[in-house]
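Within every chain, numbering begins at 1; the chains are lettered A, B, ... in the order of the sequence lines, protein sequences first and strands thereafter.
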Amino acid sequence: MQFDILHRDNGTAARAGVIVTDHGVIESPFFMPVGTAGAVKALHIKDLSDVVKAQIMLSNTYHLYLRPGADIISRAGGLHKFNGWTKPILTDSGGYQIYSLGDIRKFTDNGVVFQSHIDGSKHVFTPEKAMDVQRELGADIIMAFDECTPYPCDEAYARKSMKRTHHWLKRCVTRFEETACPHGYSQALFPIVQGSVYPELRVESARFISGIGAEGNAIGGLSVGEPAGMMYEMTGLVCGILPDLKPRYLMGVGTPANILESIALGIDMFDCVMPTRNGRNGMLFTRNGIINIKNEKWKDDFSPLEAEGEVFPDLQYSKAFLRHMFISKEILGPMIATTHNLGFYIWLMKEARKEITLGTFAGWKERMVKQLMQRL
RNA sequence: GGGGGGAUACCAGAGCGGUCAAAUGGGGCAGACUGUAAAUCUGUUGGCACAGCCUUCGAAGGUUCGAAUCCUCCUCCCCCCA
């Protein structure tokens, strides 16, 4: 994997660059639609690629390991062959799932014992296992096995957990170096900074992660319920320490405003379920603000979803029609909303990139943040 | 013509003397959702001057301290036999 910074903004830490992988080029900053089980819910890969114009998708080790199983995907020739997505893929390691699994998991010295959310069966995940499975899945970028701390989290636990993540990282790196992708192309391993909302821990973790010399670095454990200001503070702090010339990935973020603010702090990569999940639940992100399409006030609004929009559904469907689809529980409702939201997110990233290139990102961002988060 | 069953809030449907402004489901309305156990979950759904009061359980009378629940009568619906 190769990363080059092509432009830097005037007045913020934002940068525009390019990542080259064996499955193609990605222009940064970028947003990765989440396709947990190997597919972005409610979307064909053709729409993901040609309509939404996603450059890369994210998938999940935990889910694919449980079902259909890494062996099946490996026998298919890797995840790209299995799901038909020929562009880059990033897989998350399963650390976040173990966090969100709550009380059906427990930590051991070796790794994590957890129960499947599907059938309750017991499984053990270790750093080595996370690497082995991700090698078989064959994503272009794979993530270290970490522990995502909840919010709030006391400092003693956050420190202990961070140390564990660091320790696990070393094991991940060792295993990663001992193995190769069985499908014949290269993979990059990204380590993850933790440390909850404690500046000293974040600094310590960012330094440790930087020392690994990875091809890219991620920030985890944020956007788990802490105030946005705290998230920006931690992100800015960590960005100041992580290598400048490597891509920075802020995991799980976020709202359009969160993303623009984080780009300004030096983040290049994002993923979030918000455009897809909230879309399926009737929330539309638009250039003018947020719409809850199920609200009665849209019932006779025949204006297009987004008059200035460039994505297929924007002009094709009216608000009244989409509301009708949702109220009638038609499958097309979630499909339209997902397509629109992802198209919007990716359009927003493209615009951000353009502004960075022009060196005018800061002012544009201020205007957009206010506008995008309004409730319509 | 004879016999039987039933009418409950927007709909369906429990309740069968007090703890009932009335279970439950649907529908309606609103909210939540940030590395997806999510096409999910939560709240609300008679009125108001709202820790209380007022008007509701087909209509009208009645019994009772007290009725959606018991009695009388009226109206309408359904089933069976002829």
Side-chain angles (χ1 to χ4, degrees), chain A residues 31-43 57-64 66-67 90-105 114-121 130 134 139 141-151 165 190-194 218-228 231-232 235 249-259 261-262 267 269-285 290 292-299 323 325-338 341 345 373 375:
Chain A
F31 179 82
M32 301 180 275
V34 178
T36 302
V40 174
K41 296 184 196 302
L43 222 58
M57 73 175 281
L58 179 147
S59 202
N60 196 282
T61 304
Y62 164 85
H63 294 266
L64 295 174
L66 286 180
R67 188 166 58 189
L90 178 149
T91 44
D92 188 18
S93 64
Y96 185 81
Q97 280 57 55
I98 281 149
Y99 145 82
S100 63
L101 239 35
D103 50 349
I104 57 173
R105 51 101 165 107
F114 63 89
Q115 281 182 273
S116 160
H117 71 276
I118 300 164
D119 61 6
S121 55
Q134 289 188 94
I141 300 172
I142 70 176
M143 301 305 299
F145 189 58
D146 69 332
E147 181 188 355
C148 179
T149 47
Y151 179 84
T165 288
F190 282 27
I192 303 170
V193 174
Q194 287 291 343
I219 305 172
L222 292 176
S223 65
V224 288
E226 79 284 2
M231 177 171 88
Y232 299 142
T235 301
Y249 168 24
L250 181 56
M251 306 183 78
V253 173
T255 65
N258 291 159
I259 289 176
E261 295 294 358
S262 302
I267 298 292
M269 307 167 53
F270 299 90
D271 80 280
C272 189
V273 303
M274 207 171 258
T276 44
R277 179 194 286 165
N278 290 26
R280 289 195 306 282
N281 294 332
M283 182 187 273
L284 258 54
F285 294 95
I290 292 168
N292 181 345
I293 201 65
K294 290 192 272 194
N295 285 178
E296 191 172 26
K297 62 180 166 192
W298 307 114
K299 72 178 174 192
R323 172 179 142 87
M325 291 292 95
F326 268 95
I327 297 299
S328 312
K329 295 186 168 37
E330 284 290 325
I331 190 76
L332 188 58
M335 289 168 65
I336 290 171
T338 299
N341 280 351
Y345 263 64
M373 299 311 286
R375 298 288 175 144

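Base pairing of B:A9: no nucleotide in any strand meets the Watson-Crick or G-U wobble criterion (both distances under 3.5 Å). When both distances must be under 3.5 Å, the Watson-Crick or G-U wobble mate of B:A49 does not exist. Pair assignment for B:U44 gives B:G28, based on Watson-Crick or G-U wobble hydrogen-bonding distances that are each under 3.5 Å. Pair assignment for B:U34 gives none, since no Watson-Crick or G-U wobble pairing has each distance under 3.5 Å. Nucleotide B:U55 forms a pair with no other nucleotide shown, judged by Watson-Crick or G-U wobble geometry with both contacts under 3.5 Å.
Relative to the side chain of A:R277, the nucleotides B:A38, B:G35, B:U40 differ in distance, and B:A38 lies closest. Taking the side chain of A:K41 as heavy atoms from C-beta on, and the options B:A37, B:U36, B:U40, the nearest nucleotide is B:U36. Residue A:T255 has its side chain nearest to B:U34 when only B:A30, B:U34, B:A39 are considered. For A:V253, the side-chain atoms get nearest to B:U34 when compared with the rest of B:U34, B:C33, B:G35. Side-chain proximity of A:S100 to B:U34, B:G35, B:A37: nearest is B:A37. Distances were taken from every side-chain heavy atom of A:I192 (C-beta onward) to each of B:G35, B:C33, B:U40; the shortest belongs to B:G35. Minimum atom distance to the side chain of A:C148 is reached by B:G35, of the listed B:U34, B:A32, B:G35.
Straight-line distance between the C1' atoms of B:G26 and B:A9: roughly 14 Å, to the nearest whole Å. The separation of B:A21 from B:U75, taken at their P atoms, amounts to 33 Å, rounded to a whole angstrom. The separation of B:A12 from B:C57, taken at their C1' atoms, amounts to 15 Å, rounded to a whole angstrom. Nucleotides B:A68 and B:G58, compared at atom P, are 10 Å apart to the nearest Å. Separating the C1' atom of B:G17 from that of B:C78 is a span of 28 Å, rounded to the nearest Å. Going from the C1' atom of B:U34 to that of B:G27 covers 32 Å, rounded to whole Å. Between B:A22 and B:U44, the distance separating the two P atoms is 12 Å to the nearest Å. Nucleotides B:G25 and B:G13 place their C1' atoms 8 Å apart, quoted to the nearest Å.
Listed pair A:N281 / B:A39 fails the phosphate criterion, with no side-chain N or O lying under 4.0 Å from OP1 or OP2. For the OP1/OP2 pair of B:A30 and a distance below 4.0 Å, the side-chain nitrogens and oxygens of A:N295 include at least one atom meeting the criterion. Between A:N292 and B:G31, a side-chain N or O to OP1/OP2 separation shorter than 4.0 Å is present. At the phosphate of B:A30, neither OP1 nor OP2 sits under 4.0 Å from any side-chain N or O atom of A:R375. The side chain of A:Q97 contributes no N or O atom lying less than 4.0 Å from OP1 or OP2 of B:G35. Taking only side-chain nitrogens and oxygens, A:T36 comes nearer than 4.0 Å to OP1 or OP2 of B:U36. OP1 or OP2 of B:G28 has not a single side-chain nitrogen or oxygen of A:R323 nearer than 4.0 Å.
Distance alone, capped at 3.5 Å, places no donor-acceptor pair between the A:R375 side chain and the A:I290 backbone. Listed for the A:T165 side chain is a donor-acceptor partner under 3.5 Å among the backbone atoms of A:E147. Judged purely by atom type and a 3.5 angstrom limit, A:R323 uses its side chain to pair as donor or acceptor with the backbone of A:N295. Side chain of A:T91 to main chain of A:A139: no donor-acceptor pair is present (N/O by atom type, distance under 3.5 Å, no hydrogens or angles). Side chain of A:S116 to backbone of A:I118: a donor-acceptor contact under 3.5 angstrom is found.
Closest approach of A:A144 to A:I192, counting heavy atoms only: O-CD1, 3.5 Å.
Distance CE/A:M325 to CD1/A:I293: 11.5 Å, rounded to 0.5 Å.
No contact: A:E330 has no heavy atom under 4.0 Å from any strand. A:D271 comes within contact range of the sugar-phosphate backbone alone, with a heavy-atom separation under 4.0 Å but no base atom that close. Among the atoms of the strands shown, base atoms are found under 4.0 Å from some heavy atom of A:T276. Among the protein residues, A:L250 comes within range of no part of the nucleic acid, since none of its heavy atoms lies under 4.0 Å from any strand. Heavy atoms of A:I327 sit under 4.0 angstrom from primed sugar atoms or phosphate atoms, though from no base atom. Residue contacts for A:G221: at a heavy-atom cut-off of 4.0 Å it reaches a base atom on one of the strands shown. Using a 4.0 Å heavy-atom cutoff across all strands shown, A:R67 reaches no nucleic acid atom at all.
The nearest whole Å value for the distance from the OH atom in A:Y232 to the P atom in B:U34 is 15 Å.
Ring geometry for A:F114 against A:Y62 counts as tilted: the plane angle lies between 30° and 60°, on a 0 to 90° scale.
Nearest-nucleotide positions on RNA chain B for A:I331 and A:K297 put A:K297 closer to the 5' end.
For A:D146 and B:G35, a side-chain-to-base donor-acceptor distance below 3.5 Å is present, hydrogens and geometry of angles not being considered.
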